[in-house]
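To start, the structure itself, in structure tokens.
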2 protein chains.
Amino acid sequence: MGKNHKKLLNNLEELRRSANLTQQELSESAEVSRKSINAIENGIYVPSTVLALKIAKTLGCKVEDLFKLP
Amino acid sequence: MGKNHKKLLNNLEELRRSANLTQQELSESAEVSRKSINAIENGIYVPSTVLALKIAKTLGCKVEDLFKLP
DNA sequence: ATTCAATGTAACGCAAACTTACCATCATTA
DNA sequence: TAATGATGGTAAGTTTGCGTTACATTGAAT
């Protein structure tokens, strides 16, 4: 990421819970490790665009719904 | 990017031209280097989510409009 | 209370994103 | 012709995304 980019706000946990999915289930749908989902929810890092698109698709929302610029 | 992720299709150049912006101008709006914009347009790499959000915002569209899963 | 599913955490490593900087090409224009 | 602006190539270096493995904690529920 570029120097001046600030961290994003994310609603992943909330939207995942609304969809009644566990981290495990979401990770399988999005074809990533559970660790990645877990780390994203906890703000350890922001996912790549590919991953963000897959998660949004799985949850039936837009990338913009999941992550917001500060 | 994760192992199994395929490259995205992208419409960046088309949308940038529609907005009448040069690579330089877009890069300034999105606070990244011109090389990054250039590399994304040419499929060298896919931007991070932060960058994708900034570009989409600058171009008045959604991340989903810019990049599509194969 | 014990069990079991769900979640959190940490260390290590590789691949990808992103930067800076310099150079080439092509089109336009002074 | 020279100069300027937009784009594309290359390359080295740093940071971050993400996987893997393995273990700890929490909470629910029977």
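First the proteins, then the strands, lettered A, B, ... as listed; each starts at 1.
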A:I44 atom CD1 is separated from D:dC18 atom P, nearest whole Å, by 13 Å
Kindly give the heavy-atom pair with the smallest separation between B:K68 and B:N11, and that separation in Å. CE-ND2, 3.8 Å
Shortest non-hydrogen contact from A:P47 toward B:T49: O-OG1, 2.7 Å
B:Q23 CD to D:dG8 P, in whole Å, measures 5 Å
For A:L12 and A:I37, which heavy atoms make the closest approach, and how far apart are they? CD2-O, 4.3 Å
What is the distance, to the nearest angstrom, from the CG atom on A:L12 to the P atom on C:dG8? 11 Å
Between D:dC18, C:dA21, D:dG17, spot the one nearest the side chain of A:P47, thanks. D:dC18
Starting at CG of A:L21 and ending at C1' of C:dT7, how long is that distance when rounded to a whole Å? 15 Å
Any side-chain N or O of A:S48 less than 4.0 Å from the OP1 or OP2 oxygen of C:dA16? no
Between P on C:dT19 and CD on B:Q24, what's the gap in Å once rounded to a whole number? 12 Å
Output the rounded distance in Å from CG (A:N38) to C1' (C:dT7). 6 Å
When you get a sec, tell me which of C:dA17, C:dC18, D:dG8 is the closest nucleotide to the side chain of B:L51? C:dC18
Tell me what B:T22 touches on the nucleic acid: a base, only sugar-phosphate, or nothing, going by heavy atoms under 4.0 Å. sugar-phosphate
I need the minimum non-hydrogen distance between B:A56 and A:E64, along with the two atoms involved. CB-OE2, 3.9 Å
Of B:T49 and B:K35, whose nearest nucleotide on DNA chain C comes first from the 5' end? B:T49
For the pair made of CD in B:E31 and P in C:dT20, what is the distance, rounded to whole Å? 13 Å
Could you pull out all residues at least two apart from A:T58 that satisfy side-chain hydrogen bond (donor to acceptor under 3.5 Å, both in side chains)? none
Side chain of A:R16 (C-beta onward), nearest among C:dT7, D:dT20, C:dT20: C:dT7
Rounding to a whole Å, what distance do you find between A:R17:CZ and C:dT7:P? 6 Å
Regarding the side chain of B:V32, the nearest nucleotide among D:dT20, C:dT19, D:dG8 is C:dT19
